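Shown next, in structure tokens, is the structure this report addresses.
Note that these values count all heavy atoms, side chains included, but never hydrogens, waters or copies made by symmetry. Since the model is a prediction, treat every value here as computed from it, not as a measurement.
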Amino acid sequence: LFHRYCAESSRSSSLDIKGPFASAVGLDSGARWWLMRDRLGQRPLYYFHGNGFLAFASELKALLASSLVPKRLNLLAVDRYLTLRCVPGAESIVAGVYRVQPGHVLEYKDGHISETRISTFDLQPHEQPRESAASTLRDLLAASLDRETPESVLWSAGIDCAALAALRDELKPVYVSLDRTWQDESRLAAESARMMGLSLQTLHARRLTEETVHKAVRALDEPLADPSILPFWLIAEAASEKATTYVSGHGADELLGGYPRFNFLQKARGAKDLVPAGLLTDMMPALPPNAFIRRGSRYLVSMHDAQESYLSLVSVFDRGERETMYTDAMKSAIYDLGGGIPAVQEHFGEPDLTRNVLSLDLHVGLPNLLMTKCDRIFAAHDLQVNFPYLDDDLVDFALRLPAKTKYGVRSKPLLRLATRGKLPAAVRLRARRDFRIPQSGRAQRVIENVARECVTPDRVDALGLFRWHAVDEILREATHNVY
């Protein structure tokens, strides 16, 4: 049916396909090929355009195993990974290998490729009273759940999964308990289920080992700097022993104002004229060698520049730190490749900073961080997980909400309002919590051992991209939230 639909379409721009997908369709007896992805990038699709051929696969490993693709590192992608915690845009970490962009169709014909956008986002705000918007959100989420088939929901202590269970009574909550070195929500998760009258099944994750770290890294295909990857792997591993299909609350934070940066950036920007930027610039060299203090200071200094202020907060390593790490050869190569242009520049074209950050999340964070992590880790454990918050109709609605309706002092204020009367207040108003890299205990020692085993002076020097003394300082001081 899908092939027939594509074959009957007069041109790729006329396609109207919803839901998560990544597809390759041969047309005209193989003389023409369409490669396409959904607009959120929930499914991956890579390609390599060679001399007279097009190779494509859902994983980089498959393309590299074909022997058709030269194994060369994309140095500009390395720089952008160290900035944004992922490789953004069409390029991959392997030079010459590209991603089909979310919401696009790539056509291959007569040895040539062209790309056409088939789906986009409407980010223009549509005014709607908060109470009315909350009711619409509740209805859309319920409709999304009606289209799902899983009987189990991946459970935590938060509102995202609790809202799903409140709107669909038959969902069975499954919670995976982690080692206490990670963030342990066992008590709060059990409390939420008890207050909602749900029978919670608790599974216990295995302890983190060096072998587990290597498995997770291999499954990711491309580098991702996300502190939730290792606990997420352990959760998926345990959950796969109970069921094969789940629903999950992923996507609620990105679409409904779950991250504090949305509201914080808007408020802080209004106070930029009160900050003595010149004084702070003079003080920065004397500040303690602490990443949090340095980043906070650089943010205050750069508040007049939207994209620089954002990067100062979210970058794994800011521009100065990266240049300290790089060899002269690496700096020169990045400059020649156009590395002087900020990787997020195209997403900062509006005067409303929160809209810019939302655009960045939609085009970088969601497809290249959240969806890549979920797809790789769930696939590695043969899990099918659906994301009701990423339903197309709900996404369209959430994106059009004005900032004053969607953001507030608490995270996800509209979801909290939408579930009033559906969830106990203690669950509905509970603060959002993130995974953090352990700062002590066995898990932290495992991570350190893997880092020291993989990142050695000989390997760093042989690569010729980084200065060992700068890399060694990062490993010793552990001043960043990820390795």
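Lys373 and Ser228 are linked by a side-chain donor-acceptor pair at a separation below 3.5 angstrom, with hydrogens and angles left out of the test.
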Between Val247 and Leu154, does a side-chain contact (heavy atoms from CB on, under 4.5 Å) hold up when you go through it step by step? CA-CA 6 Å; Val247 293; Leu154 288 173; over 6 Å; no
Working for side-chain contact (heavy atoms from CB on, under 4.5 Å), residues Leu63 and Leu68: CA-CA 7 Å; Leu63 284 177; Leu68 297 171; over 6 Å; no
Check against side-chain contact (heavy atoms from CB on, under 4.5 Å), Val471 and Arg467: CA-CA 7 Å; Val471 174; Arg467 301 180 190 276; over 6 Å; no
Might you work through the side-chain contact (heavy atoms from CB on, under 4.5 Å) test for Asp375 and Arg43, ending with a clear yes or no? CA-CA 7 Å; Asp375 178 82; Arg43 301 289 185 267; 3.9 Å; yes
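Distance check: Thr212 OG1 to Leu230 CG gives 8.5 Å after rounding to the nearest 0.5 Å. One finds the CD1 atom of Ile235 at 9.5 Å from the CD1 atom of Ile377 (value rounded to the nearest 0.5 Å). Here CG of Leu362 is found 5.0 Å from CG of Leu399. Values are rounded to the nearest 0.5 Å.
Judged by distance alone, the side chain of Thr324 and the main-chain N or O of Gly320 form a donor-acceptor pair under 3.5 Å. No donor-acceptor pair closer than 3.5 Å links the side chain of Arg85 to the backbone N or O of Leu369. Between the Glu115 side chain and the Gln101 main chain, a donor and an acceptor come within less than 3.5 Å of each other. Although no hydrogens or angles enter the test, the distance criterion places no donor-acceptor pair under 3.5 Å between the side chain of Asp361 and the main chain of Glu254. When atom types are taken as modelled, the side chain of Thr327 and the backbone of Gly464 share a donor-acceptor pair closer than 3.5 angstrom. A donor-acceptor distance shorter than 3.5 angstrom exists from the side chain of Asp38 to the backbone of Phe21, with no hydrogens or angles considered. Judged purely by atom type and a 3.5 angstrom limit, Glu107 has no side-chain atom pairing as donor or acceptor with the backbone of Ser114. With Asp221 contributing its side chain and Leu60 its backbone, the two residues share a donor-acceptor pair below 3.5 Å.
With sequence neighbours excluded, no residue satisfies side chain to side chain donor-acceptor pair (under 3.5 Å) with Tyr108. Residues meeting the side-chain contact (heavy atoms from CB on, under 4.5 Å) test with Ala379, sequence neighbours left out: none.
Annotation for Arg37 and Pro102: closest pair NH1-CD, 3.7 Å, computed over non-hydrogen atoms.
When ring centroids are compared, Phe232 and His250 come within the 6.0 Å threshold. Between His126 and Phe397, the gap from one ring centroid to the other reaches at least 6.0 Å.
The aromatic rings of Trp233 and His381 stand perpendicular to each other, their planes meeting at an angle above 60°, with 30° marking the opposite boundary. Note on ring orientation: taking the six-membered ring where Trp is involved, the planes of Phe121 and His363 are perpendicular (angle over 60°, cut-offs 30° and 60°).
At a threshold of 4.0 Å, the pair Glu222-Lys61 does not count as salt-bridged, since none of the basic side-chain nitrogens sits closer than that to a carboxylate oxygen. Lys18 and Asp393 are joined by a salt bridge, as a carboxylate oxygen and a charged side-chain nitrogen come within less than 4.0 angstrom of each other. Ion pairing of Asp160 with Lys412 is present here, as a side-chain N (NZ or NE/NH1/NH2) and a carboxylate O approach within less than 4.0 Å. The existence of a salt bridge linking Lys215 and Glu211 is confirmed by a sub-4.0 Å separation between a basic side-chain nitrogen and an acidic carboxylate oxygen. Taking the charged nitrogens against the carboxylate oxygens, Asp396 and Arg39 do have a contact shorter than 4.0 Å, which makes a salt bridge.
Asp79 pairs with exactly one of Arg319, Lys331, Arg322 by the salt bridge (charged side-chain N to carboxylate O under 4.0 Å, His left out) rule, that one being Arg322.
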